[in-house]
Amino acid sequence: VVEDSGETKYIQELKNNYLPEQVSDIYLGIPFKEFENIKDTSLMERSGDGEFSFSFRLEENVKSKEINEITYEFDNENEQLLYQIGVDYTPDFNLHDYLQEKYGSPHFPLYGISGYMNAWCFKDKFNILAWVTPNNRLVIVALIQGTEYESDEMFKSLVTSECKKELKW
């Protein structure tokens with residue numbers, strides 16, 4: 001165990017504040033090599049290597065009462081940092097109430113392919129955005145230098161302007 005109290009404190013806060021308890025053993029920004037030491041990636045389906053050169057995904061079948069699947073998306077360069085987590089909740093799980101309790105009221109509506117979605121902004125080691133899709137999926141993204149969302153100027157501009165209203169990014 002590394003005795004870096006600042007980093008340990010950050011990781012603990014991140015786990016407690018933004019991520020669902022089902023993924024509390026990892027954190028946004030974790031390098032893939034460290035992730036492999038925590039999660040058994042041999043049980044996960046990997047995709048995106050040839051299709052998207054900038055990232056790859058691992059899908060973990062959870063099949064719990066609340067969650068069907070968790071998708072982890074890693075940058076495909078350098079340390080291969082985890083920058084996105086998608087949690088697919090079961091259709092019967094009341095994700096709206098869960099997130100209202102965990103995050104509070106949504107900060108703004110984010111318009112995407114599926115229409116308007118509730119979105120939240122968080123400021124920590126990275127700027128973090130979370131949103132809910134109509135199919136009961138929670139997506140949590142860290143805007144990490146060089147990753148997909150941080151590199152998308154249109155997305156970054158929209159999110160930054162909305163989050164600045166809420167959190168003074």
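Just so it is clear, the values below take in all heavy atoms, side chains as well, and ignore hydrogens, waters and symmetry mates.
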Could I get the full list of side chain to side chain donor-acceptor pair (under 3.5 Å) partners for [X], not counting sequence neighbours?
X      : value
Glu59  : none
Asn94  : Asp97
Asn135 : Thr133
Asn136 : none

Looking at side-chain heavy atoms only, is the closest gap between [X] and [Y] below 4.5 Å?
X      : Y      : answer
Arg46  : Phe74  : no
Glu73  : Thr147 : no
Trp120 : Pro106 : yes
Asp75  : Gln80  : no
Ile26  : Lys39  : yes
Phe122 : Tyr103 : yes

Could you tell me which residues satisfy side-chain contact (heavy atoms from CB on, under 4.5 Å) with [X], sequence neighbours excluded, listed by chain and number?
X      : value
Glu36  : Phe32, Thr41
Asp40  : Ser42, Leu43
Asp152 : Met154, Phe155

Report all side-chain donor-acceptor pairs from residues 138-145 shorter than 3.5 Å, counting only partners two or more places apart or in another chain.
none

Rounded to the nearest 0.5 Å, what separation is found between the [atom1] atom of [X] and the [atom2] atom of [Y]?
X     : Y     : atom1 : atom2 : result
Ser55 : Glu77 : OG    : CD    : 10.5 Å
Leu28 : Leu81 : CG    : CG    : 10.5 Å
Ile85 : Gln22 : CD1   : CD    : 11.5 Å

Sorted by chain and residue number, the salt bridge (charged side-chain N to carboxylate O under 4.0 Å, His left out) partners of Glu101 (sequence neighbours excluded) come out as none
- prompt: Of all residues at least two apart in sequence or in a different chain, which pass the ring-ring contact (aromatic ring centres under 6.0 Å, His included) check with Tyr72?
  reply: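 For Tyr72, the residues satisfying ring-ring contact (aromatic ring centres under 6.0 Å, His included) (neighbours in sequence not counted) are Phe35.
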Query raised in the report: Of all residues at least two apart in sequence or in a different chain, which pass the ring-ring contact (aromatic ring centres under 6.0 Å, His included) check with Tyr98?
Result: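 Phe93.
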Contacts satisfying salt bridge (charged side-chain N to carboxylate O under 4.0 Å, His left out) that involve residues 80-95 (not counting sequence neighbours) are Asp88-Arg137
